[in-house]
Structure formats: structure tokens, C-alpha cells
K.L.:
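The structure is given below, and queries will be raised subsequently.
From a predicted model like this one, the values you see are computed outputs, not experimental measurements. Just so it is clear, the values below take in all heavy atoms, side chains as well, and ignore hydrogens, waters and symmetry mates.
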There are 2 protein chains.
Amino acid sequence: MSENLAPDSSLQQQMETFEETCRTADLKLTHQRLEIYRELARATDHPSAETLHTRLQKSLPTLSLDTVYRTLATFEQHHLVKKVQTVDSQAHFEAQMSQHHHVICDSCKEIMDFHWNSFDSTPLPEDLRQWGAIRNKNVTIHGTCRKCQDVKAGKKPA
Amino acid sequence: MSENLAPDSSLQQQMETFEETCRTADLKLTHQRLEIYRELARATDHPSAETLHTRLQKSLPTLSLDTVYRTLATFEQHHLVKKVQTVDSQAHFEAQMSQHHHVICDSCKEIMDFHWNSFDSTPLPEDLRQWGAIRNKNVTIHGTCRKCQDVKAGKKPA
DNA sequence: TTCTCGGTAAGAATTATTCTTATTTGCATA
DNA sequence: TATGCAAATAAGAATAATTCTTACCGAGAA
């Protein structure tokens, strides 16, 4: 529970940007929206709507799951959050909007961010140029994380 | 309908490999499995289970949607097909197993394959090496395809 | 040809997500 | 500070995608 948290200093900043964006977009700053966004911004584990809802039970005991879904959809339309592409049945979300990529452990399903500047600045292959207007390019890596490898090998966790 | 088809010569080959894999894996070669696989191998548009089911109505009028789902899941376990990562609610499938990447049009949702050898042979960033065992890396590109751009601009289709 | 077990169809069940409706709340204005 | 109203919410019903249950069937071995 103490894992999966982003540093506090930047969270402050991020909340201000969030509030600013809402005001500009005529989105009312409700308690629910603030808490849902804060919870997602704090998380580093790309939670599902259901997971967020569970985590928010303490601070918002009457929050409905529907509100989480609806709110995330609204945020997504306003480019405040992103839906992460997976093969899971449940959708996963992130508030991290800057350019990054994902590594997914096929065993424990954990999704991690990573950066790859040299890739980001590499031009696309020639024949893609004529496909249309490209908005973004992202790398997804699949494999087995160290933790799951160790479990398979019968090692004790550190 | 005449679009979205792979060349016939390689399909023949692919069916043989498919049958061989089934025999080796002790999967019975049922009429349904053969037709479902053939239909997916022929397609180049990454259809959903439901789309496949619809396309197969002619050749297999009694085929149940459940069988399509179950069969695709079986094929996936045996690495005969892949589920394509999208943010869609419906899952999309492909029989193309060789290394390739995807461009997705956010407007018409069309998924296209492309190849990028120089990317495939580029080593991953250093800090990822210690993450665990990496199985594959793939690029997904989002944007608006030429066709949809033209529609927006009010142009007639060619 | 017969036997056996995995595969299939049909419909019920489950899971994830969205809609409907009545109520509440943010916030602009008096 | 009080008031009005559109937007947002909660609760439960509804829908969509996928999976399970059960009884029957057919592929392939003997």
C-alpha cells in the first residue's frame, strides 16, 4: 500500500493543473472529481475503475462505481487521464500524460512506465508517412518481471 | 468484402502449419476450428469474435458465438492467434504471428499492420534489462488515417 | 464399425460498463 | 448570505461482451 505512490511535491503541482484545466473546460470541481483524480495521480500502478473505487471507499464511502467510470470518461475526453491499452477485460487508467511507454508482466499483470527518449525521437518508417496524420507512437513490452521469475524459480522474496 | 484478404498462396501454407500444430498439440481438427482459423487467416482487418461469427454464418450456419470465443481462446493458448491490444470493449484477433506492429485510426478504428525492422533490432534502454525476462516489444501508433482525414475535409472518396 | 473423450450448441450466468431517474450540489447571481 | 439552475451524483436497472453448464455429437483410435 505504501508502494505505488508518486512523490508528493509533484502531486501538489498536478492537482493545480487539474483544477485549472477543469475551470477552463467548465467542469465543476466536485469533491468526487478531485478525489478520483488525486487517487489516480498518486497511483503508479495503472488501476482499473473498480480498484480506484475500492481505494476511495475510505474517503468517499458513498461514491458509486458508476461515478468513477463516468468521471474517468469525462477526464479522458479532456485529456486529463488516459486509458491504457491492454488485453484485460477491465480497463486500466493513468493520469501520467507525458510521453512514456509500458512494460507489462504477463504473469502478475503489473504495468510499469518507462522512458525511451532515443525511440521517441526516431522517425517512423517511410511507408507510414502516407498512412495519415500520426498522433503518437508507443512501445509496449511484454514479459515476466523479476519478482515473478523468482517465484517460479522457487526463491523467497527479499 | 474483397478487401481485407491475404494472398491465397500463403494461406494454403498457413493452413498446413495450423493443422500440423493442432495434431502435435492433440487438438482435434474439427470443421469449426478449421473454418474459424481459415477465416481469421484470410482477414487482414483484425476482426472481433462477433465479426468472425457473422462472416462464418454462410459456411457454418449453426456455429455458436461461444464456440468462436472458446476456439479463439484455445488457439491463443497454443500461440496460433494473438489478441490485439486496444482500448475497445470488444477484443480483436489476428492469425499473423510474425513480428509486426499496429497503426490504429482513432476515427474509424481500423487496425493496420506494418513492419519496422530497424526498430525490431534496436536494443532496449539499459534500465529495462533488469526488469525481468522480455518476451516481445511492439509499437502501436495512433492517429487518423488518410480516408478519415479526407472525410473530415469534405472530400469525396476516390 | 464401435468406443471414448474432447468439442459443440443453446441458453443461462457472469463481468464490465453504461443508462435512467430522482436527488443533490457547485457556483453564478441577486 | 439566499436563490436558482444546470451539471453532477447515487442507486438500481439495463446492456454488452464474454464465459459457464449441460446434454448431445463427432473425430479419430482400436
K.L.:
Does D/dA17 have its OP1 or OP2 closer than 4.0 Å to a side-chain nitrogen or oxygen of B/S48?
P.N.:
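No, because none of the side-chain N or O atoms of B/S48 sits under 4.0 Å from OP1 or OP2 of D/dA17.
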K.L.:
Tell me which of B/K28 and A/L29 sits closer to the 5' end of DNA chain C, going by the nucleotide each one is nearest to.
P.N.:
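Taking each residue's closest nucleotide, the earlier one in sequence belongs to B/K28.
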K.L.:
Is the distance from the ring center of B/F93 to that of B/F75 below 6.0 Å?
P.N.:
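When the ring centroids of B/F93 and B/F75 are compared, they turn out to be at least 6.0 Å apart.
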K.L.:
Could you check whether any side-chain N or O of A/H101 sits under 3.5 Å from a backbone N or O of A/N138, counting only pairs where one atom can act as donor and the other as acceptor?
P.N.:
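A pair under 3.5 Å: no.
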K.L.:
So, do B/H53 and B/Y69 have ring centers that fall under 6.0 Å from each other?
P.N.:
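No, the ring centres sit 6.0 Å or more apart.
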K.L.:
Please confirm whether the shortest side-chain N or O distance from B/T67 to OP1 or OP2 of C/dA9 is below 4.0 Å.
P.N.:
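Checking C/dA9 against B/T67, a side-chain N or O does come within under 4.0 Å of OP1 or OP2.
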K.L.:
What is the separation between atom CG on B/L60 and atom P on C/dG7, rounded to the nearest whole Å?
P.N.:
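After rounding, the reported distance stands at 17 Å.
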K.L.:
Could you state the CD-P distance from A/Q32 to C/dT25, rounded to the nearest angstrom?
P.N.:
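Those two atoms, CD and P, are 9 Å apart.
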K.L.:
Quick one: A/I36 CD1 to D/dT9 P, roughly how many Å, whole number?
P.N.:
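The distance from CD1 of A/I36 to P of D/dT9 comes to 7 Å, rounded to the nearest Å.
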K.L.:
What integer distance in Å separates A/F75:CZ from D/dT9:C1'?
P.N.:
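In whole Å, D/dT9 C1' lies 13 Å from A/F75 CZ.
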K.L.:
Kindly compute the distance separating CG (B/L40) from NE2 (B/H92), expressed to the nearest 0.5 Å.
P.N.:
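With rounding to 0.5 Å, CG (B/L40) is 12.0 Å from NE2 (B/H92).
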K.L.:
Could you tell me how far apart A/Q57 (CD) and D/dA10 (C1') are, to the nearest whole angstrom?
P.N.:
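Atom CD in A/Q57 sits about 13 Å away from atom C1' in D/dA10.
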K.L.:
Could you give the CZ-to-P distance, from A/R33 to C/dT25, as a whole number of Å?
P.N.:
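Rounded to whole Å, this separation is 15 Å.
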K.L.:
Nearest 0.5 Å, please: how far is NZ in A/K28 from OG1 in A/T74?
P.N.:
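Interatomic distance, A/T74 OG1 to A/K28 NZ, rounded to 0.5 Å: 13.5 Å.
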K.L.:
Just how large is the angle between the end axes of the helix from C/dT1-D/dA30 to C/dA30-D/dT1, five pairs per end, to 10 degrees?
P.N.:
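About 40° separates the two local helix axes.
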K.L.:
About how many Å separate NE2 of A/H78 and OG1 of A/T21, when rounded to the nearest 0.5 Å?
P.N.:
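Between atom OG1 of A/T21 and atom NE2 of A/H78 there are 10.0 Å.
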K.L.:
Would you confirm whether B/K83, through its side chain, and B/A91, through its main-chain N or O, come within 3.5 Å as a donor-acceptor pair?
P.N.:
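Not at all, since once roles are kept as given, no pair shorter than 3.5 Å links the two residues.
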K.L.:
How many whole angstroms separate atom CG of A/L27 from atom C1' of D/dT9?
P.N.:
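To the nearest whole Å, that distance equals 15 Å.
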K.L.:
Counting only N and O atoms by type, is there a donor-acceptor contact under 3.5 Å from the side chain of A/H100 to the main-chain atoms of A/S98?
P.N.:
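Here the side-chain-to-backbone pair exists.
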K.L.:
Please report the distance, rounded to the nearest Å, between CD in B/E35 and C1' in C/dG7.
P.N.:
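So the CD-C1' distance, B/E35 to C/dG7, works out to 16 Å.
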K.L.:
If you restrict it to nitrogen or oxygen atoms, what contacts under 3.5 Å exist between nucleotides 10-16 of chain C and the protein, and what is each distance?
P.N.:
from, atom 1, to, atom 2, distance (Å)
C/dA16, O3', A/S89, O, 3.4

K.L.:
Is the Lys NZ or Arg CZ of B/K137 less than 6.0 Å from the centre of B/F119's six-membered ring, within 45° of the axis?
P.N.:
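Yes, a cation-pi geometry holds between B/K137 and B/F119.
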